[in-house]
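Below, chain A is the first sequence line, B the second, and so on; all start at residue 1. The shown structure was predicted, so the numbers you read here are calculated from the model rather than taken from an experiment.
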There are 2 protein chains.
Amino acid sequence: MIPIKIDSAWKGTSDCRNCGIRDMVLFADLNEQDFGEIQGETALGVFTLRKGMVKLVRATADGRERIVRVLRPGDVIGLEALATARYDSEAIPLVEAQVCRIPLAVLHHLSANSPRLHKRLMQKWQQALKDADDWLADLNFGSARQRVAALALKMRDPDQPGITSFFARDDMGAMLDIKLETVSREISALVRDGALKPCDKQGRRYEITNEALLMR
Amino acid sequence: MIPIKIDSAWKGTSDCRNCGIRDMVLFADLNEQDFGEIQGETALGVFTLRKGMVKLVRATADGRERIVRVLRPGDVIGLEALATARYDSEAIPLVEAQVCRIPLAVLHHLSANSPRLHKRLMQKWQQALKDADDWLADLNFGSARQRVAALALKMRDPDQPGITSFFARDDMGAMLDIKLETVSREISALVRDGALKPCDKQGRRYEITNEALLMR
DNA sequence: CGAGCGCTTGACCGGCGTCAACACCCGTGG
DNA sequence: CCACGGGTGTTGACGCCGGTCAAGCGCTCG
């Protein structure tokens, strides 16, 4: 299930040609002829995240919520539906998000007929797998301090590398497998040590004031 | 780098047709004509694991070893080379292992020309990604006891579901992100509680005597 | 038979979970 | 405009799980 609110003002195919992040997305290599193949459909689809952040959630054996990854603009949601026509995990927006929907049938057709998209698809699979492994190796390893610091580095804004985005403390806990109180404590400690500085009063945006301190 | 010793007695293409695990592997859907396309090459390749177990390892930020996944017969090694012509992590056999090597150029050619292989490839990507997410959600969550129990369940022998395989204690620690002494303690506790029974004296094979106890 | 390696077990201690109180932000309604 | 209440983030006290260090045991192999 992908309960993302789709920006309904943005539909049809014409905008794809002028998409602001077209160089990051699945359709980056499509030419005018390929665009002709795209038709609106309502079935299962694959999504490209345009804006915002989305958490991939699955239930653990003991019923708690486990966040396996966070997707950011340019990432693909629901790629697995291409292979199995089912989604493996739940995708929930962490902030207001916008996605492009690509109908499954269209993608199947293009993947067989467009070598460019075929290659792009491979890259997206590879990126998703690498992200998953990175997430495990970087964020779920070591002390609580190391995990929070690693998350701060991973969630840097691509446009403003000095700024990083955090989330609700219990979401951060589900990402790092630590309790929300510990998350809060470690953030406070990093602020005290001069590694971070809060940008707002909700604890969502921080300035990275000492990058070296975060890296160890 | 994939330092797997390849069973040199097994080479050429003729054996593929009679491979005992052909229904599990990448080439399961190739027909006689497709086999004609395969030639021996020496370049980068993708591997299908025939026998044994392989750990996927990457270095963490602080230099320690982190095992991101364990591959078992039928799994594919080095799929990422298809997209980037590089390997993302190191693959090291945990026990004596046998692999099929599939040259990259061959796979690229077939992936474009053989719809059957193309579909099979998608499934392998999807399986790898699901395995990665499962590994994170099942094995790196909860108490040390829960992690060891989850590993025992995941490492059951497909042919003998009552038997499970363990590894060197420090490898298990690198999989579960706990120390080897804790691994040892928890295994002992599970044996004491009647959930497991050792099959050998090296601590590698155990009989599952109480499955329900392991599941919670 | 002895050396060496890996597994186990024990004692101790620190980090993190638990429970609880408190502070702060924000929306609601008087 | 302020009073109130709920939700979320922070901070404190305390106890336990798991990390650390060390000793002991049982294999395996020379």
Review point. Rounded to whole angstrom units, what separation is found between the CG atom of A:D170 and the C1' atom of C:dG17?
Key: 16 Å
Study note, to complete from the structure: In short, the helix from C:dC1-D:dG30 to C:dG30-D:dC1 is bent end to end, axes from five pairs each side, to 10°, by 30°
Point to revise | Letter per nucleotide, 5' to 3', of nucleotides 16-30 of chain D [B base touched, S only sugar-phosphate touched, - untouched; heavy atoms, 4.0 Å] | key: --SSBB-----SS--
Practice item. Describe, in one word, how the ring planes of A:F47 and A:Y87 are oriented to each other, choosing from parallel (under 30°), tilted (30 to 60°) and perpendicular (over 60°). Key: tilted
Review point. Hey, is the main chain of A:G194 close enough, under 3.5 Å, to the side chain of A:T209 for a donor-acceptor pair?
Key: yes
Review point. Please give, in whole Å, the distance from C:dG10 C1' to B:R192 CZ?
Key: 12 Å
Point to revise | Length of the CZ-P vector between A:F167 and D:dT8, whole Å | key: 16 Å
Point to revise | salt bridge (charged side-chain N to carboxylate O under 4.0 Å, His left out) partners of residues 150-169 of chain A, not counting sequence neighbours, each pair once | key: A:D138-A:K154, A:R156-A:E211
Check your understanding: Would you say B:K124 and B:T48 make side-chain contact, with heavy atoms under 4.5 Å?
Key -> no
**Study point:** Gap between atoms CZ and C1', on B:F166 and C:dG6 respectively (whole Å)
**Key:** 16 Å
Practice item. Ignoring backbone atoms, test whether B:S188 places a side-chain nitrogen or oxygen under 4.0 Å from the OP1 or OP2 oxygen of C:dT9. Key: yes
Practice item. For B:R204, answer base if it contacts any base atom (sugar-phosphate contacts may also be present), sugar-phosphate if it contacts only those atoms, and nothing otherwise; contact means non-hydrogen atoms under 4.0 Å. Key: sugar-phosphate
Point to revise | A:A128: side chain to side chain contact (heavy atoms under 4.5 Å, CB included) partners, not counting sequence neighbours | key: A:R69, B:L129
Practice item. May I have the distance from B:R205 (atom CZ) to C:dC7 (atom P), rounded to whole angstrom? Key: 16 Å
Review point. A:F141: what forms a ring-ring contact (aromatic ring centres under 6.0 Å, His included) with it, not counting sequence neighbours?
Key: none
Practice item. Measure the distance from CG on A:L196 to C1' on D:dT10 and round it to the nearest whole Å. Key: 16 Å
Revision key, fill the gap. Hits for ring-ring contact (aromatic ring centres under 6.0 Å, His included) against A:F167, two or more places apart or cross-chain, chain-then-number order -> none
Check your understanding: Once you round it to whole Å, what is the distance between C1' of D:dT8 and CD1 of A:I187?
Key -> 13 Å
Practice item. Assign B:S184 to base, sugar-phosphate, or nothing according to its heavy-atom contacts below 4.0 angstrom with the strands shown. Key: base
Check your understanding: For A:R72, does its backbone N or O pair with a side-chain atom of A:D75 as donor and acceptor, under 3.5 Å?
Key -> yes
Point to revise | Residues A:R66, B:L136; criterion side chain to side chain contact (heavy atoms under 4.5 Å, CB included); working and verdict | key: CA-CA 9 Å; A:R66 176 75 184 180; B:L136 176 63; 3.1 Å; yes
